[in-house]
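All remarks here apply to the structure that follows.
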Amino acid sequence: QLVESGGGLVKPWGSLRLSCAASGFAFNTYTMNWVRQLPGKGLEWVSSISSRSSYTYYVNSVRGRFTISRDNARNSLYLQMDSLRVEDTATYFCARDLPLGGVGAFDFWGQGTVVTVSS
Amino acid sequence: DIQMTQSPSSLSASVGDTINITCRARESISNSLNWYQQRPGEAPRLLIYTSSILHNGVPSRFAGSGSGTDFTLTISGLQPDDSATYYCQQSSRARTFGQGTKVEIK
């Protein structure tokens with residue numbers, strides 16, 4: 001199970017920290033991701049982190065503003081979002097990588113947490 | 001980023017029909033292409049990975065094909081349950097989704 005939390009209403013230039021609590025699988029062996037969906041729109045991959053936090057990746061539009069991290073002892077994934085913009089308004093999903101090296105597909109998803117950036 | 005373009009953006013078909021959704025990459029991505037189904041109010045569900053491999057539990061009426069820049073998702077014997085939006089996603093370089101194809105059952 002993947003359960004996201006931490007979403008809410010924040011003003012432009014504000015910050016928010018999303019969390020994703022994982023259970024039922026060996027969290028510390030999986031690459032994890034954040035994917036967002038703008039209201040009524042399609043999906044956008046946001047960020048990935050390898051199982052031991054050795055590698056992190058970001059979509060260009062959030063690089064330098066968002067930081068992905070994880071705590072394997074707590075089976076938790078995080079997304080620190082700073083300098084938020086109106087266009088960051090979306091439902092944010094936590095998603096697990098399919099455990100096949102290099103495939104890069106998301107085989108298990110949370111239900112999402114809503115982030116609204118508005119003045 | 002590698003841009004992915006799906007067509008059509010929406011379609012309407014009847015139960016039992018066979019439909020095709022295409023996905024085109026701006027540059028070659030080999031077979032690094034995955035397909036998802038998303039029903040309203042739900043999280044996406046992985047259907048197919050590496051262009052043509054059916055994920056666990058996905059009905060065999062779903063099939064994927066293609067390599068390089070052009071890919072197709074085929075749904076044979078359309079069921080009412082297949083009403084959803086379908087997304088392709090490349091994993092060759094970073095990750096990018098197509099804009100989605102909404103499938104309506106008549």
Side-chain angles (χ1 to χ4, degrees), chain A residues 1-5 7 18 20 22 24-25 30-50 55-63 66 68 77 79 90-114, chain B residues 1-10 21 23 25-26 29-58 62 64 66-67 71 73 84-103:
Chain A
Q1 189 178 13
L2 294 171
V3 180
E4 302 93 337
S5 61
L18 305 184
C20 173
F25 65 96
Y30 286 83
T31 290
M32 296 297 296
N33 308 271
W34 289 99
V35 176
R36 67 185 179 184
Q37 186 162 35
L38 280 61
K41 301 290 186 183
L43 300 166
E44 179 182 45
W45 167 78
V46 174
S47 182
S48 298
I49 186 168
S50 59
Y55 304 101
T56 59
Y57 306 94
Y58 300 92
V59 68
N60 287 340
S61 60
V62 309
R63 189 174 291 116
F66 290 9
I68 191 171
L77 175 71
L79 185 67
T91 297
Y92 285 75
F93 294 99
C94 166
R96 187 181 79 175
D97 248 36
L98 185 68
L100 295 174
V103 169
F106 311 122
D107 74 331
F108 194 48
W109 298 64
Q111 285 305 303
T113 188
V114 177
Chain B
D1 294 352
I2 300 177
Q3 185 175 341
M4 307 299 294
T5 303
Q6 287 182 233
S7 62
S9 56
S10 66
I21 298 170
C23 179
R26 181 173 279 188
I29 57 170
S30 185
N31 63 350
S32 299
L33 193 284
N34 312 305
W35 289 98
Y36 300 84
Q37 175 193 66
Q38 187 180 31
R39 300 188 179 103
E42 296 184 4
R45 168 197 179 196
L46 177 64
L47 296 176
I48 289 169
Y49 60 93
T50 317
S51 180
S52 62
I53 302 175
L54 216 58
H55 187 47
N56 295 341
V58 175
F62 291 90
S67 66
F71 301 86
L73 173 69
T85 300
Y86 293 84
Y87 295 92
C88 63
Q89 174 243 328
Q90 68 82 19
S91 52
S92 173
R93 186 156 48 87
R95 321 274 178 100
T96 320
F97 288 90
Q99 80 278 19
T101 296
K102 186 173 183 178
V103 173

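Chain identifiers are assigned alphabetically (A, B, ...) following the order of the sequence lines, protein sequences preceding nucleic acid strands; residue numbering begins at 1 within each chain. FYI, side chains are in, hydrogens and waters are out, and symmetry mates aren't considered; it's all heavy atoms of this structure.
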Query raised in the report: Taking the six-membered ring for Trp, are the ring centroids of W34(A) and Y92(A) within less than 6.0 Å of each other?
Result: no
Query raised in the report: What class does the angle between the rings of W109(A) and F93(A) fall in, given that below 30° is parallel, 30 to 60° is tilted and above 60° is perpendicular?
Result: perpendicular
Report task. Please work out whether the ring planes of F97(B) and Y36(B) are parallel, tilted or perpendicular, with thresholds of 30° and 60°. Result -> tilted
Query raised in the report: Under a 4.5 Å heavy-atom cutoff, which of W45(A), Y58(A), F108(A), Y57(A) has the most pairs with chain B?
Result: W45(A)
Query raised in the report: Tell me, side chain or backbone of S48(A) under 4.5 Å from chain B's heavy atoms, or both, or neither?
Result: side chain
Query raised in the report: For Q90(B), is it the side chain, the backbone, both or neither that has a heavy atom under 4.5 Å from a heavy atom of chain A?
Result: neither
Report summary line: Residue from V46(A), D97(A), V59(A), N60(A) scoring the most non-hydrogen pairs under 4.5 Å with chain B is D97(A)
Query raised in the report: For the side chain of S51(B) and the backbone of G66(B), is there at least one donor-acceptor N/O pair under 3.5 Å apart?
Result: yes
